[in-house]
Structure formats: C-alpha cells, structure tokens
Amino acid sequence: MANRHLVWLCVILFVSGCSEMEEMKFKKVLVIGIDGMDPGITKQLMEEGRLPNFQRLAENGSFINLNTSYPPHSPVAWTTLATGTNPGKHNVFDFIRRQPGSYLPELSLAKSASGIGGTNYESYVMSDPFWRITTKNKIPTTVIRWPVTFPPEKVKGNLLSGLGVPDIKGFLSGYTYYTANELTTKDKALKKIIKVEQGEIIKTDLFGPKRRKDGEIIDVISPMEIRLTENSADIEVGGKSHTIKPGEWSDWIRVGFKAGFRTAYGIFRAYLISLEPFEMYITTIQIDPVNPITDISFPDAYSRQLVEEIGLYYTLGMPEETDGLVDGKISDEVFLQQISQIEEERLKMFWKEFEAFKQREKGLLAFVFDASDRVQHVFWDEKVLEESTPGIDINPAVEKYWERKDEFLGKVLDQIDEATLLLVLSDHGFTSFERSVSLNTWLVQEGFMKAEIDEDAIFFETVDWSQTQAYALGFNSIYINQKGREPEGIVQNKELVIQKIIAKLEGLKDEKTRQKVVNRAYPASEVWSGPYMKNGPDIIVGFNPGYRASWQTAVGKFSKEVIEDNDKAWDGDHLVDPKFVPGVLFSNQELKTDTAGQTDIAPTVLDALGLPIPEEMEGQSLIR
Amino acid sequence: MSHLKELEDKSIFIIREAKNKFKNPAVLWSIGKDSTMLLWLCKKAFFGKIPFPVVHIDTGYKFKEIYEFRDNMAKEWGLDLRIVKNEEALAQGMGPDKGKFECCNTLKTEALKLAVKEHKIDALLLGIRRDEHGIRNKERYFSPRDKQFRWKLARKKEGGDSPYESLQDTEMSGWNLFATDFGPEADHVRVHPILHWTELEVWQYVKQENIPMVDLYLSKKGKRYRSIGCECCCMPVDSEADDIDKVIEELKKTTTREREGRAQEKEHLMQKLRSLGYM
Ligand SMILES: [Zn+2]
C-alpha cells in the first residue's frame, strides 16, 4: 500500500517537474498547416532530394504520419485539429449536413442566419479551438486562414477567416465568363457564361448579391463597360478604367452593388483571353477587405490594415478557380498563374505576422496554406485502379508547388529559435478519383430507398419516404430515415438497418474493375462520440482508393448507374477511408511517438505553452 | 367525394372530437374569413346551433364594418357571444404607437388569458391554417398550452442545430389518431379544426356555402384586405377583385407564383451547394 503511494508520488513529481521544464523550454508555438500534404508524395520527393528543407526538419526533429479524421474532409479535419475533439463533440461531420427537420442539404462551413446571401452567419463548431484557450490565458494569438473560422472570433491578436468565407453572393465560389461566341448547350447549363455582342464598346453587367423582389430571387447588378482597342481592352467599372492585353490579368477591380440602403463592395480580377471574338474570365467577386459587407477578420479593421500593408488580396474561403478549369474556361497555365497570385499574397501575410511573432516573448501563430489541396485535386496523375506500378506519377505542377513550399520552409527554419515549437502539418493526404459512386442509386437498387430514378430530380424529390429506410447526403454520409428524427421517418430499429447496409456496402463490387468499392463502412457510434452525434450521419462510408461518392450523392440526386467513370479534370481526391489518406506531421522537436492523431495537436500546442489541457480534448501532448 | 367535402368532413370530425373530450370548449372569432368559416363549420357539426361560447377579443382598433358584421351575425346565428377587452391596457393608452408587437401582444394575448381564466375554458378552437407562414407550419390539430400560453409542443434544449425539441409526436392524418390527453402541465388545449385548408380553398368553400363575409375582403378603389386583424397591423393589397369569383381567380394566380418562387428557392440552394466546387 505504502509502496504504491510512493510510486504515485514519484509520478506526480516527475510529471509536474516535467511540465515546468517544458514551460521553460517553449515560449512560443508556430503551427503551419498545409492542406492535403500527402506523406507518400512527400517521402518520394524527399528521397529524390527535392525537398532539402523538409529533409532537414525530419532529420533534426521528426516526421510522422498524422492520422486523419472520419471522414477525411478538410472542414472536419481542421476542426478536429483545432479543437482536439471528434465530430460528435465539435459538430462538423461532412462538407454537407442536412437541415434539421428536413431532408434538405446545406453547407457545413457556416450557418447563414438569413435565407439568401445574408450577412449574418453563425459557426457550427461546438468545442473550443486551441486559440480560444490561449486567448483566455492572455497569450498573444494570431490565426490566419485556418479553415472553418468564419465568422471570425475574438482572439488576443489577429484572426483572418479561411475556408467558409463566402463571396459577395453568399456562395462559396462562382466565376463569370463573358463571350461574344454563341453559347453552347453546355454553356447554358453552366449559368455563369454571359453572351455579349462584339463591338467597339461592350456593355454588360457584373452580378452581385442576391435579393428577393416580389417573391423572386434576383441578382443585384452593376454595369461594366469594355472598350476594345486594337491590342487591349479598357474595363470600366464604377468610373474607373483598367487596361489589359490578351493573355494578361488585370489588377484588382472594385465594384459596388446597391442593395437597398447599403452598397455591397466586391473585388475581382479579370483575365482577358481574346479580343476577337471577345472572351474574358473574371474571378468570383470577393468580399472587399477594405469595406467588407460582413466581417472577415478580428479585429474587423484587420482585413483593411492588411490591405494597407500588402495590397488587396483574395478573401474568398476557396478562391482557387478549379471550377473554371474543370469547365474548360481557363487553361492549366492561367489556373497556375492564379495559384501563384494566391500563394504570393499568403506569403506576404505570413512574413508580416511572422516578423511580429519573432519579436514576441510568448505567443502562438497558426497559419494555413490551402492552395496545395486545390492544385492536387486537379493535377493528380496517379491512377490506382488502372496501374499497379509502385510510386506516384507526380505532375510537374504539383512537384513545383512542393519545391516552393520547401524554399519557404527553409527561410522559416533559419529564423526560428530554440524557444519555439514548430509544427508543420496537413489535414489529410491524397489519392486518385477514378470511379464515381452514386450512393442513393445504390440504396434504391438494394431496396433501402424507394424512389424513381430521375436524373433531373433534385433534393430527393422523387423519393417515397414512407418506404425509405436510409438516404445519402454529403460525400461519405448515410442517414437512417429514423422515426421521430426525420420528418417522415419510418425506421424504429436503427441498429438493425445500419448493420444491414454496412454488410451490403462492404460487399459491393465494381464490375468494371472487379474490385471492392468500400474498404469499410463505419457505424457513427464506432468512430464518434459526444452530444452532437444526432446532427450527424449514422454511417460513414470508407471508400477504397480510386472511388468517391458522386456529386449527385452529395445533394440528394440520382445517377442512372451506381458506378460511373469520373472523366472530369478534378481527378485527385481524399474522401475515402481515412486509413488510406493520413496527413503529415513535421516538428523541430523529437516527438515521443511514431503515430499521432489529429486530436493530439491541440493538446500539444497548449502543453507547449504551459497551459492545462481541457478535459474535453481527447488526444495527448506529443512532446512528453 | 369532392375535395371540399373531404376538408369539411375532417374539420367537423375535429370539432366534434373537441366537444366530446373537453368540458368547456369555446371558439375564438376574429370576424375574419377563417374564423367565420370555422363558426360555419361548428354550426354544421351541431346541426345549426353552436353548443359552446364564441369569444371575440375586442382590441378597440377594429374597422367599424367589423363591429356591424359581428353584431348582425351574432343575432342571425344565435351565438353565445362573449366579448373580451383588455380595458386596463386600453385605458393606459396601449396602441400601435407603442410598437406593433407590444400592441398585438398586450391587447390580444393578455385579453385571451383573461378570457380563458374567467370562462374556465379548457379547449379553445382557433381558425389557423398551416399554409400561413412561420411557426404555424409546426402546429398540430390539438396543441396544449401552459399558463403562460407557451406552446408545450416544443421544449427548449441545449445545443444542437435547433433550439427546440419536440414533445408531441406528429399527428397521424388518418381519423381518430389525435392526442387529446396532455397531462397536468397543460392549462388548456388549442384546437385547430381548419389547419389543413389553404387560403384558396377557404374562398372556394365560402362561395360554395354562401357564407356571409365582411366586405373588407373585396376590392374598393383598387385595394382589398387579404387578412384582417387589428386595423393597425393589416395593410390592404392592390387588387381589382370586387367579388368572390375574382378573389378566387386572383388567388389561383398567386399560388402559382408562390409555387414558382419555391422552385426558384430550391434552384438557389442547389447553386449554392455546387459552389463548393467538389461537384
Ligand atoms: Zn483538405
């Protein structure tokens, strides 16, 4: 008895002594997030000697895999990284969630309090991110572009919101393409292609916020005049003229949209493709950081101060033009030019905040780069279902991106001191997207859903709920049509239906490739726990690499076939079984483990700063 | 069976059910089209004579046409009319200038509380319809209230997407499946016999049955009222419909427009979702 007490006393002394030591050691924490940095590609490039600075970091500190969240979606993963909790506690389950009391999907990034293009938003995140705790403890804290930080929250420093910041319409993206060419049927379906008349002066409009008028939803517009000369175009908006030549980008152009008593200010850049026939692409019209229609930073003036120091910048949560590229409206080259613009702006933001961070005695800087994710989504050359050769065929665009990140890391490593804990991490890895799986069509085929397969029907319009046991919404989520929870729920024994669906899903074979489509399907209760489970799905589908849920699945639509080829330029993805797409974790410290999970990050950050780890957090500090 | 007959049958069933299950039911009459139709249905349910009191809340701000209509009909239909007024509030100068919500709340709700208490009403029949917007979409045919008149259908809860959770299961739309026993917490029960009617159906029925209506609903000088409550809270709409047939035609057009509006709403949501890029 006495002996055991003695042992415990020693443990306590040791642990507390240790925490004092750590407190002495670290005064600051720098977290650099890089969305979608994949361990496979990273190791391959390191072996080829193309990432000398990542190599240096791995050798002097550590480099391990960081297990990703269930499911491995960026919003779910970054929220888990920030809060140290699982979706059952933090309340973000998928890119898309269902609206309570209905079968309608909605985006999970931020809840819009008013219907169309509103300016009141609320966060869905229900547990505390580490920056809230450092702020409470009066530690200087700056968070830049961390996903799912819109609307911005108060920190003891600056916060610039990332993924989730809407455009001027309240959408997540939406380019416009002006053309003098006749519109094709495909163009008409795209809805953002505007036909203009060729001439010396082209009169057209810019499309701003949405508003309701006499029961109809209309676009608030603002006029744009384009004067064509022999070798350039003058774009006139709001009394200012901007000249560009074919093959050139304009600088930022500001536009005001009068909506009622307020004017909503937006900014965009134009890319002139050709003078005759006239063809011009413009970026999504972004919230103007100088005069934002809704706050995108804390303090609210921070978004404006940044402009004074680094100039105007992309404010949209996901500004990279993957849509325009997938639609064939901009070339690879133009897309990559835009990636460079975005990266350049982010680097300016980073160095500005890093200078301030360096001067501080104590502090936290958390900064996320995410163009990496978008570059890989559209330039992923690996084909896991077609080829069996080991090693990844890396596209030069992807390779170049990582080489640039390596240069950046080199500069950071040269400047950080012993008192700073550095964590470089990603939210998930990457794999290919070759075959697209329509889960709702599959549910119908297997008898779990009664519906007429109509490819034009949206939001489950053709579903007979009185004979439907389950439905899929989002990219890895299946919900049971549960009595008492769903508006027309019928299922009383939920567990039984969950088990049946899982057994069937895990047996699903792709006739074309003769491969298993699903590695495992997880009952939510196996991978999540917490008070918000009821807002999430009941089954998380863990696809095998090469497979992903179809986009029709995500919004409650059907495809004719259960499995179809993905022939879009969007050919890389990560919405598979989390086991296949871990992220990375680099540190300048020797980590005491070779496996870590996302919930370990927040405890590590707090521990390094000498703060107690809240009970709510599930992981452990990696520096003990 | 015709569509209107089906609607009528269901309403009459609910009215009779309320009379059977409760000791002191009463019907609330605002003199508007919905509650006037409700009175008509009550008359039909009990073969011409309403066997319980008819409560009218006088906010003191009604149109003079309403008072005339009320008194004439009360005589003609032999109603046991009980007029309730929040004299105290009116004396203190409560009116629309104190704010629309305050006005409606004090004058209507407080007066109704007095009436429920004074006449020991345990079931109050109201002419609300599901196609009116807002919280009424979640209403049931039988809906319990506590002493503060709070809806006991939903209870506030912590966390989650919705701040409320449901206490009352969805009613089955078939016959005989209405919950009518709500335990000691319920002070009285609201009964909504015409919940399933639309505005258009109400007018079609008014025409078919030739139910008398206050003529504020018909167009005068290019304007008519679509609903009448307090004079202060109702705005007339532009309309040329000066008889019931024209009102019906006008409503048919608006419902098409409203349906198109809802389709557009869906289209908007789809565009928003697809702006995620993963599509
Ligand atoms: Zn990501």
Side-chain angles (χ1 to χ4, degrees), chain A residues 73 91 95-101 104-107 109 111-112 115-117 124 126 166-167 169-174 191-192 210 212 214-217 284 318 320-323 326 374 377 458-459 461 475 483-484 487-489 531-532 534-535 548-552 554-555 557 570 573 575, chain B residues 130-131 133-140 153-174 177 179 199 226 235 237-239 250-279:
Chain A
H73 295 203
N91 197 33
F95 270 108
I96 287 171
R97 63 199 291 133
R98 71 165 167 355
Q99 294 179 18
L104 288 177
E106 66 184 357
L107 295 165
L109 299 173
K111 184 179 194 160
S112 133
I116 53 163
Y124 281 114
M126 291 299 197
D167 68 1
K169 293 198 215 46
F171 285 14
L172 293 184
S173 70
K191 281 194 169 181
K192 40 210 164 180
K210 304 266 181 179
R212 273 203 186 80
D214 300 331
E216 265 187 83
I217 301 170
T284 302
M318 216 174 356
E320 300 85 3
E321 194 57 76
T322 51
D323 263 2
V326 170
R374 268 57 96 182
H377 272 301
I458 57 175
F459 305 139
E461 277 168 337
F475 293 91
K483 191 173 161 52
E488 295 172 65
Y532 299 103
K534 60 186 180 302
N535 296 336
R548 201 203 80 178
S550 66
W551 73 262
Q552 288 91 342
V555 294
K557 277 177 69 105
W570 183 284
D573 222 312
L575 309 181
Chain B
R130 206 166 258 152
D131 79 330
H133 285 292
I135 194 163
R136 288 178 178 182
N137 276 324
K138 292 194 184 116
E139 274 288 8
R140 304 283 181 257
L153 183 66
R155 171 169 65 198
K156 241 187 152 32
K157 63 159 191 199
E158 292 299 312
D161 273 349
S162 158
Y164 297 99
E165 68 185 336
S166 173
L167 284 178
Q168 195 183 354
D169 252 349
T170 312
E171 286 174 340
M172 303 300 281
S173 46
L177 288 167
E199 186 181 1
R226 254 181 99 172
M235 290 290 285
V237 294
D238 291 333
S239 167
E250 183 189 278
L251 283 173
K252 277 186 183 161
K253 271 185 215 145
T254 7
T255 46
T256 326
R257 214 170 45 230
E258 279 163 5
R259 204 172 302 132
E260 278 165 7
R262 277 196 295 277
Q264 211 194 3
E265 206 76 33
K266 273 191 180 178
E267 182 54 40
H268 177 82
L269 175 60
M270 184 55 92
Q271 274 183 39
K272 188 169 174 177
L273 290 165
R274 297 203 65 184
S275 73
L276 173 63
Y278 274 61
M279 307 289 170

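Proteins get letters first, then strands, A, B, ... in listed order; numbering begins at 1 in each. Just so you know, these numbers come straight off a predicted model, no measurement behind them.
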Distance (rounded to the nearest 0.5 Å) between [X] [atom1] and [Y] [atom2]:
{"X": "A:Asn91", "Y": "A:Tyr124", "atom1": "CG", "atom2": "OH", "result": "8.5 Å"}
{"X": "A:Met318", "Y": "B:Leu276", "atom1": "CE", "atom2": "CG", "result": "5.0 Å"}
{"X": "B:Leu273", "Y": "A:Phe95", "atom1": "CG", "atom2": "CZ", "result": "12.5 Å"}
{"X": "B:Arg274", "Y": "A:Leu172", "atom1": "CZ", "atom2": "CG", "result": "13.5 Å"}

Part of [X] within contact of chain B (heavy atom distance under 4.5 Å):
{"X": "A:Asp573", "result": "side chain"}
{"X": "A:Glu321", "result": "neither"}
{"X": "A:Pro531", "result": "neither"}

